[in-house]
Amino acid sequence: MQIKRAGIVGVGFYVPEKVLTNNELEKIVETSDEWIRSRCGISERRIAEKGVGTSELSAKASLKALKNAGVSPEEIDLIIAATTTADMPLPSCACFVQQKIGAVNAVAFDLGAACAGFVYALVTAEQFIKTGAYKTVLVIGADIISSYIDWTDRSTCVLFGDGAGAVILKEASSGGILSSVLGCDGNYTDLLKVCAGGSRSPATSETVKSKGHYLQMTGSEVFKLAVRGMSDAVVKALAKARVDKKEIACFIPHQANQRIIDAVGERLEVPKEKIFVNVQKYGNTSAASCVIALCEALEQGKIKKKDKVVFATFGSGLVWGAVVLEW
Ligand code: UT7
């Protein structure tokens with residue numbers, strides 16, 4: 001059987017309208033605009049309105065991606081929604097999206113790989129295209145991570161924001177995904193987690209009182225592992241694709257912290273002008289981070305036909321990954 005390559009034929013993203021600035025956060029917790037900007041590179045982030053679910057943001061991003069690709073909802077065979085903040089524990093976010101966008105012929109499921117979700121989902125979707133099992137796949141990275149935020153915890157509440165991005169994947173006529181590397185180390189499950197609300201500790205008045213439903217993170221450890229995990233994954237993915245780092249036209253790292261992005265860029269010796277950064281506007285949007293960045297890089301003309309584009313990502317698990325593609 002001939003091995004096909006998968007390529008992105010359309011992109012779209014959506015972020016909530018409500019902007020939360022550092023100055024507003026100064027009024028909620030003991031922090032400062034100066035600390036947040038200098039330690040994280042973030043100036044503002046978007047926050048979804050109460051009652052809005054991740055599928056709503058996802059559907060808006062998906063409709064844009066469909067329009068951009070010139071593909072109708074009926075043509076979609078499969079929807080993979082990478083998210084850890086689905087509208088509800090079940091059904092999946094992907095099922096809500098299927099209904100919202102009218103993708104009546106699509107099967108749909110969620111994929112949980114936290115901030116690395118989009119890259120994990122892209123690689124998963126690629127397998128279906130390569131085998132010929134599905135022809136048109138909608139890949140979504142979306143999170144309303146603010147639903148896990150403890151607004152009294154300054155070490156996490158300044159970092160995250162909400163958003164969604166989507167791509168349409170099809171067999172590539174040229175270019176497409178050249179290589180990928182995914183990684184996981186379950187020894188680090190403790191570093192970034194939401195303890196309650198799952199099967200081990202379902203919601204009770206006790207779990208609410210003890211703040212078990214909020215995100216907890218050992219930031220400095222995650223920082224170090226993120227730099228190493230993303231850099232190593234990119235080196236391996238480039239080698240697999242036989243692409244030299246000098247050929248990278250646009251490097252799209254997970255947008256968690258400007259200092260992490262800088263450190264990864266330095267390790268890989270990718271010039272600053274080739275690294276796409278929008279963390280200042282959105283903070284860490286978890287699974288949406290890389291795909292929103294891809295959309296904005298395209299909007300800003302930073303990616304042209306035949307360019308080599310590299311994603312690098314990292315998240316709770318710990319999980320990480322890199323993808324090398326030719327646009
Ligand atoms: O998507 C993947 C998951 N997440 C990440 O990639 C995040 C990875 N980690 C990070 O980005 C960084 O570790 C943080 C931004 C979370 C923290 O930066 P840091 O340089 O590692 O700071 P730290 O945690 O070592 O804290 C330094 C100081 C502490 O004060 P003391 O103990 O030195 O007096 C913190 O209490 O900064 C303090 N601090 C703050 N001060 C003002 C922590 N958060 C804040 C804040 N405002 N918001």
Side-chain angles (χ1 to χ4, degrees), residues 20-45 82-85 112-121 141-163 165 182-185 188-194 214-234 252-265 267 275 277-280 282-293 311-322:
L20 179 64
T21 64
N22 291 348
N23 293 329
E24 286 168 285
L25 278 166
E26 283 176 349
K27 293 174 196 147
I28 306 172
V29 283
E30 201 184 325
T31 190
S32 67
D33 174 50
E34 199 283 319
W35 191 94
I36 304 169
R37 275 191 293 109
S38 62
R39 306 304 293 165
C40 319
I42 302 166
S43 299
E44 57 186 45
R45 69 288 292 143
T83 185
T84 34
T85 56
C115 297
F118 174 70
V119 164
Y120 261 66
D143 270 309
I144 298 186
I145 209 82
S146 65
S147 58
Y148 288 147
I149 292 299
D150 175 359
W151 293 104
T152 66
D153 177 7
R154 69 176 182 174
S155 70
T156 54
C157 76
V158 303
L159 303 174
F160 295 93
D162 304 331
L182 299 179
C184 167
D185 191 341
Y188 294 112
T189 46
D190 245 9
L191 291 185
L192 179 45
K193 61 186 177 184
V194 177
Y214 291 133
L215 181 145
Q216 298 166 16
M217 179 168 68
T218 312
S220 52
E221 277 306 299
V222 175
F223 190 114
K224 279 183 265 176
L225 292 160
V227 173
R228 206 171 64 207
M230 286 200 282
S231 311
D232 291 354
V234 170
I252 303 181
H254 174 42
Q255 309 285 313
N257 184 323
Q258 179 73 58
R259 288 187 297 137
I260 295 179
I261 295 170
D262 290 344
V264 173
R267 271 174 89 124
I275 306 176
V277 180
N278 63 3
V279 71
Q280 70 282 1
Y282 305 122
N284 180 350
T285 55
S286 188
S289 154
C290 281
V291 57
I292 293 178
F311 290 113
T313 191
F314 192 85
S316 163
L318 295 175
V319 287
W320 59 90

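We count ligands from 1, going down the list as the structure has it; atoms in each ligand are counted the same way.
When only non-hydrogen protein atoms are considered, atom 3 (C) of ligand 1 lies nearest to Leu192 CD2, 3.5 Å. Protein heavy atom at the shortest distance from atom 25 (O) of ligand 1 is Ser220 CB, 4.5 Å. The nearest heavy-atom contact from the protein to atom 18 (O) of ligand 1 is Arg259 NH2, 3.3 Å. Closest to atom 26 (O) of ligand 1, if we only count protein heavy atoms, is Trp35 CZ2, 4.6 Å. When only non-hydrogen protein atoms are considered, atom 14 (C) of ligand 1 lies nearest to Asn257 ND2, 4.4 Å. Taking atom 8 (C) of ligand 1 as the reference point, the nearest protein heavy-atom neighbour is Gly219 O, 3.6 Å. If you check which protein heavy atom lies closest to atom 47 (N) of ligand 1, you get Thr31 OG1, 2.7 Å. Taking atom 5 (C) of ligand 1 as the reference point, the nearest protein heavy-atom neighbour is Val222 CG1, 3.8 Å.
Side-chain contact check for Leu25 versus Trp151: some heavy-atom pair is nearer than 4.5 Å. Using a 4.5 Å heavy-atom cutoff, the side chains of Glu221 and Leu192 are not in contact. By the 4.5 Å heavy-atom criterion applied to side chains, Tyr214 and Val194 are not counted as neighbours. Side-chain contact between His254 and Asn284: present, with at least one pair of heavy atoms (C-beta onward) separated by less than 4.5 Å. A 4.5 Å side-chain heavy-atom check between Leu182 and Tyr120 finds at least one atom pair inside the cut-off.
Listed by atom number, the atoms of ligand 1 under 4.0 Å from Cys115 heavy atoms are 1 (O), 2 (C). Taking every non-hydrogen atom of Ser155 and a distance limit under 4.0 Å, the qualifying atoms of ligand 1 come out as 44 (N). Proximity to Arg39 (heavy-atom distance under 4.0 Å) selects the following atoms of ligand 1: 20 (O). Ligand 1 places these atoms under 4.0 Å from at least one heavy atom of His254: 1 (O), 2 (C). If you number the atoms of ligand 1 from 1 as listed, the ones under 4.0 Å from a heavy atom of Ile260 come out as 6 (O), 8 (C).
Contacts of Thr156 with ligand 1, taken as heavy-atom pairs under 4.0 Å, are absent altogether. At a heavy-atom distance under 4.0 Å, no atom of Ile36 approaches ligand 1. Contacts between Ala256 and ligand 1 below 4.0 angstrom, taking non-hydrogen atoms only, involve the side chain exclusively.
Using modelled atom types and a 3.5 Å distance limit, the side chains of Thr21 and Asn23 yield no donor-acceptor pair. Using modelled atom types, one finds a donor on one side chain and an acceptor on the other under 3.5 Å when comparing Thr85 with Asp143. Of the N and O atoms on the side chains of Asp262 and Gln258, at least one donor lies less than 3.5 Å from an acceptor on the other residue.
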Exercise. Between Ile261 and Ile275, is a side chain to side chain contact (heavy atoms under 4.5 Å, CB included) present by the stated rule, with each step listed?
Worked result: CA-CA 8 Å; Ile261 295 170; Ile275 306 176; 3.6 Å; yes
Exercise. Where do Thr313 and Trp320 land on the side chain to side chain contact (heavy atoms under 4.5 Å, CB included) test, with the steps shown first?
Worked result: CA-CA 5 Å; Thr313 191; Trp320 59 90; 5.8 Å; no
Problem set entry | Intermediate values then yes/no, side chain to side chain contact (heavy atoms under 4.5 Å, CB included), Gln255 and Ile292 | CA-CA 10 Å; Gln255 309 285 313; Ile292 293 178; over 6 Å; no
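Asn257 and Val279 get closest at one heavy-atom pair: N-CG2, 4.2 Å.
Considering Glu30, Lys224, Arg154 only, the shortest heavy-atom separation from atom 38 (C) of ligand 1 involves Arg154.
Within the structure, ligand 1 has Cys40 among the residues with a heavy atom less than 4.0 angstrom away. Within the structure, ligand 1 has Leu159 among the residues with a heavy atom less than 4.0 angstrom away. Within the structure, ligand 1 has Val158 among the residues with a heavy atom less than 4.0 angstrom away.
Counting only heavy atoms, the protein never gets under 4.0 Å from atom 23 (P) of ligand 1. Not a single protein heavy atom sits closer than 4.0 Å to atom 28 (C) of ligand 1. The nearest protein heavy atom to atom 34 (O) of ligand 1 is not closer than 4.0 Å.
When ring centroids are compared, Phe311 and Phe118 come within the 6.0 Å threshold.
In summary, Glu34 and Arg37 do not engage in a salt bridge, as defined by a charged side-chain N under 4.0 Å from a carboxylate O.
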